[in-house]
Participant: 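Before we start, here is the structure in question, set down as structure tokens.
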Amino acid sequence: MLLAVSYLRVSTREQGERGGTEEGFSIPAQREANARKADELGARIVHEFIDAGESARSADRDGLQDMLAFIAATRVAFCIVHKLDRLARNRADDVKIHEALISAGVTLVSATESIDQTPSGMFVHGIMSSIAEFYSRSLATDVTRGLTQKVAQGGTPGRAPIGYLNVRQTDKQGREIRTVKVDPERAPLIAWAFERYATGETSVTALLRDLTARGLVSVPSPKRSSRPLGKNALYRVLTNPYYAGVIRYRGALHPGAHVSIVEPALFDQVQSLLKARNAHATRHVQHVHHLRGLLHAVPAGRGCCSTSPPTREAPPTPTSSAPAAQRSAPTARDGPCPSQSRSDWSRTLTRTSQSAKRTTDTSLPRLTPRSTNAAQDAIRSSPTSPRTGRAWKLRATSCSPHTSPTPSTCRRSSGIKTASALG
């Protein structure tokens, strides 16, 4: 016997709980139709997947994903659904799901629609999938239009906030009317919260502590019990214009038909205090930066840690009177960098001055042929140093950069015979 899986889905929780049972009326009806279709195909349903209260506009559903995983791991011949819109109401999702079924060798079967792998069946499949998507989008547009009209008449779109209760009533014609009334237990605490915060003597955290001590809790629901409010929930209460008789819907404000709990002037005063405190609040956020401390910005003209991009310096010209090391080295007037201490800056100046001195000592002046020969003769004939064992070298002299040094302008250095001494 061939194997098959059955997929069942309802859009809302109310459909799954309608009729006093856990599955309502729709899910059992789909199960019976899928079972009859399986008997017609001569197949046996080995597993059933249910999505109760899940919209088909998205494929992110637990039951659907479990079914696809089960099909990929098990040899199944058919996937039976009551209608194609139970599987997907989005054309793109329908294509992806159908491709996954085909890859696993599974045939999609509808209990109420004639679809198969024939050309005509695939054509009907595409038409029914497009109709399902059109119905879903059209229904969403109708719901939005209805809510907009309800808000324009002062109605409440959705569940009322804490301090109010949603009430369903029936008129003389038997029609159901949904209204909102003030919660006699929680509304006085909400009004006290606005009056207390408007004094400016408390914060949101302290106000929440006082409200919890007074017994303010949320409204219980069939699936969630009452609980104290959180800080974010209380902040939403203080900034919700619904308590002043105004409904905020889709970014616009509309006058509401419900009874207001606080006066508009009191609500505006609370908003002013909240904005003022948020504006003066400082946030101390520390971020870990891995390159922190490597780069520092200093004012223009400082001798170190410049943030400007490096430029290609031109070679020194003959008119320069100071060596390059002395021109680019920082001086004491520059002061230490923001990341350097006074002792580090002193050591930097010492190393810079020694480097500049070595550069000055090793730079030779331009000599005339006669003086050059004389200087070389003096170096060859000079005695060696008792400390280093090396011959004395001719040190730099302070000569004019535009003229060649003469015997009268060159000064005697320590242990060096000048050109004038040589004759």
Side-chain angles (χ1 to χ4, degrees), residues 1-19 21-141:
M1 181 176 291
L2 300 177
L3 304 182
V5 294
S6 177
Y7 179 76
L8 315 174
R9 185 190 67 83
V10 290
S11 300
T12 61
R13 294 287 183 180
E14 295 179 356
Q15 289 178 328
E17 299 173 356
R18 188 174 299 169
T21 61
E22 296 181 355
E23 294 183 341
F25 295 123
S26 180
I27 291 181
Q30 295 180 36
R31 181 181 293 113
E32 293 179 3
N34 291 357
R36 289 194 300 267
K37 190 65 176 179
D39 293 339
E40 295 177 4
L41 297 173
R44 179 171 60 90
I45 298 178
V46 295
H47 205 289
E48 185 180 79
F49 300 90
I50 302 176
D51 277 326
E54 297 289 343
S55 174
R57 299 183 65 181
S58 174
D60 189 12
R61 288 167 273 162
D62 295 337
L64 176 61
Q65 298 300 328
D66 293 343
M67 184 188 70
L68 296 178
F70 180 83
I71 288 175
T74 309
R75 289 195 173 188
V76 178
F78 301 102
C79 174
I80 305 175
V81 296
H82 182 255
K83 293 177 64 176
L84 285 177
D85 60 1
R86 299 298 90 191
L87 190 64
R89 283 193 173 180
N90 185 302
R91 182 60 178 156
D93 291 341
D94 178 77
V95 172
K96 295 178 181 178
I97 295 172
H98 197 201
E99 288 180 352
L101 296 178
I102 293 176
S103 300
V106 179
T107 302
L108 179 62
V109 178
S110 175
T112 57
E113 298 162 341
S114 299
I115 60 172
D116 50 31
Q117 299 300 322
T118 62
S120 58
M122 296 296 294
F123 177 71
V124 174
H125 183 181
I127 293 177
M128 299 307 298
S129 177
S130 300
I131 291 175
E133 183 177 11
F134 168 77
Y135 175 79
S136 177
R137 293 181 180 273
S138 178
L139 181 63
T141 303

Participant: Is it the case that the side chains of Tyr7 and Asp51 hold a donor-acceptor pair, with the cut-off being a distance below 3.5 Å and no angle test?
Facilitator: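 The answer is yes; a qualifying pair exists.
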Participant: Going from CG on Leu68 to NZ on Lys96, what distance comes out if it is rounded to the nearest 0.5 angstrom?
Facilitator: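 Nearest 0.5 Å value for the CG-NZ distance: 12.5 Å.
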Participant: Hey, are the side chains of Met122 and Ile115 touching, using non-hydrogen atoms and a 4.5 Å cut-off?
Facilitator: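 Met122 does not reach Ile115 side chain to side chain.
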Participant: How close do Val106 and Cys79 get, counting heavy atoms only, and between which atoms?
Facilitator: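 For Val106 and Cys79, the tightest heavy-atom pair comes out as CG1-N, 3.6 Å.
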Participant: For the residue pair Val109 and Thr107, establish whether any side-chain heavy-atom pair is separated by less than 4.5 Å.
Facilitator: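 Yes, their side chains come closer than 4.5 Å.
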Participant: With rounding to the nearest 0.5 angstrom, report the CD to CD1 distance, Glu32 to Ile27.
Facilitator: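 Answer for the CD-CD1 pair, Glu32 versus Ile27, is 12.5 Å.
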Participant: When you look at Leu101 and Ile71, which way does the side-chain contact (heavy atoms from CB on, under 4.5 Å) test go after all the steps?
Facilitator: CA-CA 8 Å; Leu101 296 178; Ile71 288 175; 3.5 Å; yes
Participant: If the threshold is 4.0 Å, N to carboxylate O, is there a salt bridge linking Arg137 and Glu133?
Facilitator: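 A salt bridge is present here (some side-chain N lies under 4.0 Å from a carboxylate O).
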Participant: Between Asp94 and Arg91, does at least one N-O distance fall below 4.0 Å, as a salt bridge requires?
Facilitator: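 Yes, Asp94 and Arg91 are salt-bridged.
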Participant: Using modelled atom types and a 3.5 Å cut-off, is there a donor and acceptor pairing between side-chain atoms of Thr74 and backbone atoms of Phe70?
Facilitator: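 The answer is yes, because a donor-acceptor pair under 3.5 Å joins these two groups.
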Participant: How long is the gap from CD1 on Ile45 to CZ on Phe78, to the nearest 0.5 Å?
Facilitator: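 Ile45 atom CD1 to Phe78 atom CZ measures 11.5 Å (nearest 0.5 Å).
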Participant: Give a yes or no answer on whether the side chain of Ser136 reaches the backbone of Arg89 with a donor-acceptor pair at less than 3.5 Å.
Facilitator: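 No, the answer is negative, given that no donor and acceptor are paired below the 3.5 Å cut-off.
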Participant: Testing the basics here: between Ala88 and Arg61, what is the closest heavy-atom pair and its distance to 0.1 Å?
Facilitator: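 The answer is CA-NH2, 4.2 Å.
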Participant: Taking the six-membered ring for Trp and the single ring otherwise, decide whether the centroids of His125 and Phe123 are under 6.0 Å apart.
Facilitator: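 For His125 and Phe123, the ring centres are not under 6.0 Å apart.
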Participant: For Arg75, is the CZ atom crowded, meaning more than 12 foreign heavy atoms sit under 6.0 Å from it?
Facilitator: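 At most 12 heavy atoms, drawn from other residues, nucleotides or ligands, come within 6.0 Å of this atom.
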Participant: Kindly compute the distance separating NZ (Lys37) from OG (Ser6), expressed to the nearest 0.5 Å.
Facilitator: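 Here the rounded value is 13.0 Å.
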Participant: Charged N to carboxylate O under 4.0 angstrom, Lys83 versus Glu113?
Facilitator: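 Looking at Glu113 together with Lys83, the answer is no, because their closest N to O distance does not fall below 4.0 Å.
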Participant: Below 4.5 Å, heavy atoms only, C-beta onward: do Phe49 and Leu8 meet side chain to side chain?
Facilitator: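 The answer is no; the side chains never approach within 4.5 Å.
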Participant: Taking the side chain as everything from C-beta on, heavy atoms only, tell me whether Leu64 gets closer than 4.5 Å to Leu87.
Facilitator: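 A side-chain contact under 4.5 Å exists here.
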Participant: So, does Arg9 use its side chain to make a donor-acceptor pair with the main chain of Asp85 at under 3.5 Å?
Facilitator: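 Checking the backbone N and O of Asp85 against the side chain of Arg9, a donor-acceptor pair under 3.5 Å is found.
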Participant: For residues Arg31 and Ile50, determine if any side-chain heavy atom of one lies less than 4.5 Å from a side-chain heavy atom of the other.
Facilitator: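 Yes - at least one pair of side-chain heavy atoms lies under 4.5 Å apart.
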Participant: Going through the checks in order, is the side-chain contact (heavy atoms from CB on, under 4.5 Å) test met by Arg86 and Leu84?
Facilitator: CA-CA 5 Å; Arg86 299 298 90 191; Leu84 285 177; over 6 Å; no
Participant: Distance from Ser110 atom OG to Asn34 atom CG, nearest 0.5 Å?
Facilitator: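 The CG atom of Asn34 is 8.5 Å from OG of Ser110, to the nearest 0.5 Å.
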Participant: Would you indicate whether the side-chain heavy atoms of Ile80 and Val5 approach each other to under 4.5 Å?
Facilitator: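 No, every pair of side-chain atoms sits at 4.5 Å or beyond.
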Participant: Check whether the side chains of Ser103 and Glu99 place a donor and an acceptor atom closer than 3.5 Å, and report yes or no.
Facilitator: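 Glu99 and Ser103 do not have a side-chain donor-acceptor pair below 3.5 Å.
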Participant: Take Leu3 and His47 through the test side-chain contact (heavy atoms from CB on, under 4.5 Å) and record every step on the way to the result.
Facilitator: CA-CA 9 Å; Leu3 304 182; His47 205 289; over 6 Å; no
